[in-house]
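One-based numbering along the sequence shown. These numbers come from the heavy atoms of this one structure, side chains and all, not from hydrogens, waters or symmetry mates. Just so it is clear, the structure is predicted and the values come from calculations on it, not from any experiment.
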Amino acid sequence: DPVLSKRSIRKFPKGFKFGASTAAYQIEGGWNEDGKGISIWDVATHMETTPIRDGSNGNIAADSYHLYKKDVEILKELGVDFYRFSVSWTRILPQGFSNYINQAGINYYNNLINELIQNNIVPFLTIYHWDLPQELQKLGGWTNPYIIDVFADYAKILFDHFGDRVKFWITINEPKQICYEGYGSDLKAPLVNMTGIAEYMCAKNVLLAHAKVYRIYDEEYRKKQNGKIGISISCTWYEPASDTIDDHQAALDARQFDWGQYAHPIFSKEGDFPHELKHNVAAKSAEQGYSYSRLPELSASEVAFIRGTSDFFGMNTYTTKMAYRDASVDGMFPVPSYRDDMGSVLVKDPTWPQAQSSWLQEVPWGFHKLLKEVNKLYDNPPVYITENGWSSSGGLLDEDRIQFLRNYLNALLDALDEGCNIKAYTVWSLIDNFEWLNGYTEKFGLYEVEFSSPDRTRTPRKSAFIYKEIIRSRILDPNFEPEKYVEERK
Ligand code: GBH
């Protein structure tokens, strides 16, 4: 039974690390303070017709720009080994380019990093978590290969200023969400919505930009700074809806389009885009009268440049979907489009526990299968779970989040027992934050943030006490009840 049995108490291996994560635009606020430049999320949230569900923005958010010491305080209270946060590109380089460095931005992250280290919390820094400088978007953003060098310049500045103290780096958070959601649809800024075209242009540039930064670190910094650097890829598990060959192919295609597109070029032995992606996009492009595949080719030297450029597999994972394919798929998706190229129909199973986010359901066995598949496909890489979490509509008694957390950690322990090389686990998120197009309507925090209060008070949910005890004991105990909440229920 993959669901945590009420009796089983399980131990995490020695050296296993626990953390919590956030991202700059989602928590910092201070959107135009102390010389910060404008990002694509400032633009998207300030549009006259707002794309944000509750009309909100990240102008203040959880105000971590001013309250970062409070964040470190609660990290300390939780007892995490590390804190994964991201740097706002335009706080450091207001126009995106490296000719002018904003000292106030450097100071802010120096203060945060120093505060973490003083409290024995390892800083784990994400270089890019979606807040692209608007000036670069004017040039096409991630669809313009020019981004590769500009991103590398930005990353070097972070290595130069923070690399003496930061030893864990993520180049890019979730390439698929950047490319498909931002350029191939209107689910994320910059809302370009040119599906079938722009997400594939973006994919190539994101991979090359990531690889370039990895190689710069490897060649120019690693010896001196002695850190690790990798990428975080969002992975959903796709399960065949039935045992037919078609449904197995539908699930495989979905996995290769969703995360193989980025993982295969970096982590597989052969490198390059996965076969399913190249085959489907080329065949559809030819049918549709394009004179070449809408998926850009990677040259032999580009394949070699990208392959092997990650010290660990950074996995952001939340959920599972069913995949199937049948004749009714024809005409279901716009032409051309990413979804039409993939050809799989993706559905939820209504029996799975449902989070506040419509896309998020609790499926621990899907997480287990995902870990096993990544282990098999990419030759047992070290895996860091860089995000995993649950959304609610709010409230401190979050039994559903606790169940999710325990059942996913139990699945992780199963995968460890079966030989997967998982090194770390990171909860998304430390605190409630700006959930992109969903504004403040979905709460992912272990700590509740009172957004109506100028103090943005952080209050631990019950799940915070549970996570704290897991970290303290290095044990998963399904019967543990934190005293504070036992008291409250009496
Ligand atoms: C993460 O992305 C982000 O890194 C983080 O910033 C964010 O706050 C967190 O998740 C919570 O959302 O099923 O077609 O509707 C998670 C990426 C987002 C990927 C939702 C799957 C569902 C697409 N996931 N997406 S769909």
Side-chain angles (χ1 to χ4, degrees), residues 16-28 61-62 64-65 68 70-89 91 108-117 119-131 155 158-159 162-163 165-175 177-178 210 213 217 227-235 310-318 382-390 405 408-409 412 422-436 444-447 458 463-464 467-468 470-471:
F16 192 87
K17 303 292 184 201
F18 290 97
S21 50
T22 60
Y25 186 74
Q26 294 180 272
I27 64 163
E28 281 180 5
S64 291
Y65 185 61
Y68 71 89
K70 283 261 180 280
D71 292 340
V72 178
E73 229 175 88
I74 61 178
L75 287 160
K76 176 91 179 160
E77 180 174 82
L78 275 177
V80 291
D81 300 304
F82 63 91
Y83 177 44
R84 176 178 175 239
F85 63 96
S86 84
V87 167
S88 154
W89 188 334
R91 222 180 264 300
Y108 172 67
Y109 294 107
N110 267 335
N111 291 340
L112 171 61
I113 291 164
N114 292 341
E115 186 78 9
L116 288 166
I117 289 173
N119 285 282
N120 276 316
I121 300 162
V122 171
F124 196 143
L125 191 157
T126 303
I127 298 172
Y128 183 75
H129 198 129
W130 303 356
D131 42 0
L158 302 193
F159 297 149
F162 309 132
R165 288 152 294 150
V166 173
K167 305 301 169 187
F168 292 91
W169 300 88
I170 285 168
T171 55
I172 288 175
N173 182 69
E174 298 190 348
Q177 281 59 36
I178 295 166
H210 154 78
V213 167
Y217 189 79
K228 291 193 187 303
I229 181 162
I231 188 166
S232 283
I233 298 179
S234 170
C235 304
S310 197
D311 298 331
F312 52 84
F313 193 112
M315 180 190 285
N316 293 359
T317 187
Y318 291 83
V383 171
Y384 298 1
I385 306 300
T386 41
E387 280 183 29
N388 179 242
W390 182 257
L405 198 67
Y408 273 55
L409 285 173
L412 184 152
I422 311 156
K423 303 280 196 200
Y425 177 86
T426 322
V427 170
W428 183 273
S429 176
L430 177 65
I431 50 178
D432 290 341
N433 55 58
F434 178 78
E435 180 54 24
W436 309 113
F444 277 87
L446 293 178
Y447 284 72
R458 286 110 163 97
S463 58
Y467 193 47
K468 179 188 166 105
I470 292 171
I471 298 172

Rounded distance [0.5 Å steps], CH2 in W89 versus CD1 in I127: 10.0 Å
Between W130 and Q26, is any pair of side-chain heavy atoms under 4.5 Å apart? no
Tell me if the NZ atom of K228 is crowded by more than 12 foreign heavy atoms within 6.0 Å. no
Scanning both residues in full, the closest heavy-atom pair of A20 with V80 reads N-CG1, 4.2 Å
Distance-minimising heavy-atom pair for V213 and I229: CG1-CD1, 4.2 Å
pair Y425-L405: side-chain heavy atoms closer than 4.5 Å: yes
What distance separates I172 CD1 from H210 NE2, expressed to the nearest 0.5 Å? 7.5 Å
Tell me the closest heavy-atom pair linking P175 and I231, and the distance in Å. CG-CD1, 4.1 Å
Test R458 against S64 for side-chain contact (heavy atoms from CB on, under 4.5 Å), laying out the working first. CA-CA 11 Å; R458 286 110 163 97; S64 291; 3.1 Å; yes
In this structure, CG of N388 is separated from OG of S21 (nearest 0.5 Å) by 9.5 Å
Please report the closest heavy-atom contact between T317 and C235, naming both atoms and the distance. OG1-O, 2.8 Å
State, to 0.1 Å, how close L158 and W169 come at their nearest heavy-atom pair, and which atoms those are. O-CH2, 3.6 Å
Close side-chain approach of Y108 and R91, heavy atoms under 4.5 Å: yes
Sole residue of T126, N173, N316 in side chain to side chain donor-acceptor pair (under 3.5 Å) with T386: N316
Out of V87, L125, V122, which one pairs with V166 under the side chain to side chain contact (heavy atoms under 4.5 Å, CB included) rule? L125
I want to check something: taking the side chain as every heavy atom from C-beta on, are E77 and Y447 in contact at a cut-off of under 4.5 Å? yes
Under a 3.5 Å distance rule, please check whether D81 uses its side chain to pair with a backbone N or O of G19 as donor and acceptor. no
What do the steps show when you test L116 against F124 for side-chain contact (heavy atoms from CB on, under 4.5 Å), and what is the final call? CA-CA 10 Å; L116 288 166; F124 196 143; over 6 Å; no
How long is the gap from CH2 on W428 to CD on E435, to the nearest 0.5 Å? 7.5 Å
Please assess D71 against F85 for the test side-chain contact (heavy atoms from CB on, under 4.5 Å), listing each intermediate value before the final yes or no. CA-CA 11 Å; D71 292 340; F85 63 96; over 6 Å; no
I need the I385 CD1 to I422 CD1 distance, nearest 0.5 Å. 6.0 Å
Test item: E28 and Y68 side chains (from C-beta on) under 4.5 Å apart, heavy atoms: no
If we only count heavy atoms from C-beta on, is the R165 to N110 side-chain gap below 4.5 Å? yes
Measuring from Y109:OH to S88:OG, what's the distance to the nearest 0.5 Å? 4.5 Å
Is a side-chain donor or acceptor of N433 paired with a backbone partner of I27 at a separation under 3.5 angstrom? no
State, yes or no, whether a side-chain contact exists between I117 and P123 at a heavy-atom distance under 4.5 Å. yes
Decide yes or no for T426 and E387: does some side-chain heavy atom of the first lie under 4.5 Å from some side-chain heavy atom of the second? no
Please lay out, stage by stage, how E115 and Y83 fare under the test side-chain contact (heavy atoms from CB on, under 4.5 Å). CA-CA 11 Å; E115 186 78 9; Y83 177 44; over 6 Å; no
Give me the ring orientation class for H129 and W436: parallel if the planes are under 30° apart, tilted from 30 to 60°, perpendicular past 60°. parallel
